[in-house]
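A short write-up of the structure that comes next.
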Amino acid sequence: QVQLVESGGGLVQAGDSLRLSCAASGRSFSSYHINWFRQAPGKEREFVAVINWSGGSTYYADSVKGRFTISRDNAKNTVYLQMNSLKPEDTAVYYCAAARGIVKIANGMLYWGKGTLVTVSS
């Protein structure tokens, strides 16, 4: 079992930056691949980024590539999502999720956090 808690969301202006954190507790955190998803009002939850268990591989949605960076610190049981050049269309609840494989789809996740709201004003 892995418990995930997101933090770092807030209200920012377009062009600003935010860093989200996903703190994990439970056993074997370092054996899971950690994903970030987001869900905007009225839309389906969508994949944002994933980092493999060691931190050696990362993948991004095209919509955030070049602006967002995912990283992890297994000693701190924490995954980060650095978000730069934010746009109003990045407004959403951001969730972290753990999986055993690199699957990039919501129903492939084993554990979810409760999310943190990011609002980007124009």
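Each residue takes its place number in the sequence, starting with 1. None of the values given here were measured: they were computed from a predicted structure.
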Hydrophobic cluster identity match, [X] and [Y], side-chain contacts under 4.5 Å:
X	Y	value
Ile51	Met83	yes
Ile102	Tyr32	no
Tyr60	Trp36	yes
Val50	Val64	no
Leu4	Phe47	no

Give me the ring orientation class for Trp112 and Tyr95: parallel if the planes are under 30° apart, tilted from 30 to 60°, perpendicular past 60°.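 If you compare the ring of Trp112 with that of Tyr95, the planes turn out perpendicular.
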Ser25: what forms a side-chain hydrogen bond (donor to acceptor under 3.5 Å, both in side chains) with it, not counting sequence neighbours?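 Partners of Ser25 under the side-chain hydrogen bond (donor to acceptor under 3.5 Å, both in side chains) test: Gln3.
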Partners of Asp62 by side-chain hydrogen bond (donor to acceptor under 3.5 Å, both in side chains), sequence neighbours excluded?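 With neighbours one apart ignored, the set is Lys65.
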Does the side chain of Val118 come within less than 4.5 Å of Leu20's, by heavy atoms?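 Yes, at least one pair of side-chain atoms sits under 4.5 Å.
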Assess, by modelled atom type and distance only, whether the side chains of [X] and [Y] contain a donor and an acceptor separated by less than 3.5 Å.
X	Y	answer
Arg72	Ser30	no
Ser17	Asn84	yes
Tyr80	Arg19	no

Just jot down the ring pair (Phe, Tyr, Trp, His ring centres under 6.0 Å) partners of Tyr59, sequence neighbours excluded, or say none.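 With neighbours one apart ignored, the set is empty.
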Would you mind checking if Glu46 and Arg38 are paired as a salt bridge, meaning a charged N to carboxylate O distance below 4.0 Å?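 A salt bridge is present here (some side-chain N lies under 4.0 Å from a carboxylate O).
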Between His33 and Arg100 (side chain of the first, backbone of the second, donor and acceptor by atom type, cut-off under 3.5 Å), is there such a pair?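 Looks like yes, one N/O pair under 3.5 Å.
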